[in-house]
Peer 1: 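First the structure, which I've put down as C-alpha coordinates, then a few questions once you've had a look.
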Amino acid sequence: MLEALIGYGTGLRLVAGDMPMADLLATALVVNICNAVMCRLFAYNNGYPRNTWTLLGLLFGIWAVAVLIILPRRRTEV
(Lines give C-alpha, C1' and ligand atoms only; values in the text may rest on other atoms or scores of the structure.)
Protein backbone atom coordinates (compact mmCIF):
# COMPACT_ATOMS: atom_id res chain seq x y z
CA MET A 1 0.00 0.00 0.00
CA LEU A 2 2.74 2.46 0.96
CA GLU A 3 4.71 1.54 -2.14
CA ALA A 4 1.72 2.32 -4.39
CA LEU A 5 1.07 5.61 -2.58
CA ILE A 6 4.66 6.77 -2.98
CA GLY A 7 4.76 5.51 -6.56
CA TYR A 8 1.64 7.39 -7.65
CA GLY A 9 2.47 10.44 -5.54
CA THR A 10 5.82 10.89 -7.27
CA GLY A 11 4.58 9.78 -10.66
CA LEU A 12 7.13 6.96 -10.86
CA ARG A 13 4.48 4.26 -10.75
CA LEU A 14 3.22 5.51 -14.09
CA VAL A 15 6.69 5.10 -15.64
CA ALA A 16 8.08 2.04 -13.86
CA GLY A 17 5.18 0.06 -12.43
CA ASP A 18 6.96 -2.64 -10.44
CA MET A 19 9.95 -1.10 -8.67
CA PRO A 20 11.36 -2.40 -5.35
CA MET A 21 10.76 -0.08 -2.38
CA ALA A 22 14.44 0.83 -1.86
CA ASP A 23 14.87 1.74 -5.53
CA LEU A 24 11.58 3.64 -5.51
CA LEU A 25 12.62 5.78 -2.54
CA ALA A 26 16.08 6.54 -3.95
CA THR A 27 14.70 7.39 -7.39
CA ALA A 28 11.87 9.46 -5.92
CA LEU A 29 14.36 11.50 -3.88
CA VAL A 30 16.55 12.26 -6.89
CA VAL A 31 13.59 13.03 -9.16
CA ASN A 32 11.90 15.26 -6.58
CA ILE A 33 15.11 17.24 -6.04
CA CYS A 34 15.20 17.87 -9.79
CA ASN A 35 11.51 18.83 -9.70
CA ALA A 36 12.20 21.23 -6.82
CA VAL A 37 14.88 22.96 -8.90
CA MET A 38 12.49 23.21 -11.86
CA CYS A 39 9.76 24.63 -9.62
CA ARG A 40 12.19 27.22 -8.27
CA LEU A 41 13.13 28.32 -11.79
CA PHE A 42 9.53 28.46 -13.04
CA ALA A 43 8.41 30.33 -9.92
CA TYR A 44 11.22 32.87 -10.25
CA ASN A 45 10.47 33.47 -13.93
CA ASN A 46 6.70 33.75 -13.39
CA GLY A 47 6.69 35.92 -10.27
CA TYR A 48 5.76 33.38 -7.61
CA PRO A 49 7.52 32.82 -4.25
CA ARG A 50 10.63 30.72 -4.96
CA ASN A 51 11.07 29.11 -1.54
CA THR A 52 7.44 28.03 -1.29
CA TRP A 53 7.46 26.45 -4.73
CA THR A 54 10.82 24.79 -4.12
CA LEU A 55 9.36 23.08 -1.06
CA LEU A 56 6.20 22.12 -2.95
CA GLY A 57 8.33 20.69 -5.76
CA LEU A 58 10.32 18.64 -3.27
CA LEU A 59 7.19 17.28 -1.60
CA PHE A 60 4.85 16.79 -4.56
CA GLY A 61 7.27 16.37 -7.45
CA ILE A 62 5.92 16.42 -10.98
CA TRP A 63 2.46 17.38 -9.78
CA ALA A 64 3.78 20.70 -8.40
CA VAL A 65 5.67 21.34 -11.64
CA ALA A 66 2.49 20.73 -13.63
CA VAL A 67 0.47 23.15 -11.49
CA LEU A 68 3.16 25.81 -11.76
CA ILE A 69 3.31 25.48 -15.53
CA ILE A 70 -0.47 25.92 -15.77
CA LEU A 71 -0.59 28.98 -13.49
CA PRO A 72 -0.57 32.32 -15.31
CA ARG A 73 2.40 34.67 -15.09
CA ARG A 74 2.04 37.26 -12.35
CA ARG A 75 2.30 40.87 -13.38
CA THR A 76 4.65 43.01 -11.37
CA GLU A 77 3.74 46.57 -10.44
CA VAL A 78 6.26 49.21 -11.48
Side-chain angles (χ1 to χ4, degrees):
M1 178 70 179
L2 181 62
E3 188 174 332
L5 184 65
I6 293 171
Y8 285 121
T10 59
L12 290 173
R13 182 93 178 202
L14 303 172
V15 178
D18 193 22
M19 190 182 280
M21 186 65 151
D23 293 342
L24 178 66
L25 290 175
T27 305
L29 180 65
V30 170
V31 169
N32 279 3
I33 289 172
C34 293
N35 287 328
V37 171
M38 284 193 304
C39 278
R40 187 171 186 86
L41 291 172
F42 283 132
Y44 176 75
N45 289 332
N46 291 332
Y48 291 98
R50 291 177 293 179
N51 292 336
T52 302
W53 279 101
T54 302
L55 181 62
L56 289 172
L58 188 62
L59 294 176
F60 297 108
I62 194 68
W63 306 113
V65 175
V67 168
L68 195 52
I69 288 173
I70 292 171
L71 286 175
R73 180 180 290 234
R74 281 186 166 175
R75 295 181 186 253
T76 56
E77 297 293 326
V78 177

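Quick note: residue numbers are just sequence positions, from 1.
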Peer 1: Taking all non-hydrogen atoms of both residues into account, name the closest pair between Arg74 and Pro49 and its distance.
Peer 2: NH1-CD, 4.1 Å
Peer 1: Using the test side-chain contact (heavy atoms from CB on, under 4.5 Å), find all partners of Val67 that sit at least two apart in sequence or belong to another chain.
Peer 2: Trp53, Leu71
Peer 1: Only pairs under 3.5 Å count here: list side-chain donor-acceptor contacts from residues 25-42, not counting sequence neighbours, and write none if there are none.
Peer 2:
residue: Thr27; atom: OG1; partner: Asp23; partner atom: O; Å: 2.8
residue: Asn32; atom: ND2; partner: Leu58; partner atom: O; Å: 3.2
residue: Asn35; atom: ND2; partner: Val31; partner atom: O; Å: 3.3
residue: Arg40; atom: NH1; partner: Asn51; partner atom: OD1; Å: 2.9
residue: Arg40; atom: NH1; partner: Thr54; partner atom: OG1; Å: 3.2

Peer 1: Is it true that Leu68 and Tyr44 fall in one hydrophobic cluster, defined by side-chain heavy atoms closer than 4.5 Å?
Peer 2: no
Peer 1: Can you list everything that forms a side-chain contact (heavy atoms from CB on, under 4.5 Å) with Leu24? Sequence neighbours excluded, please.
Peer 2: Glu3, Ile6, Leu12, Met19, Met21
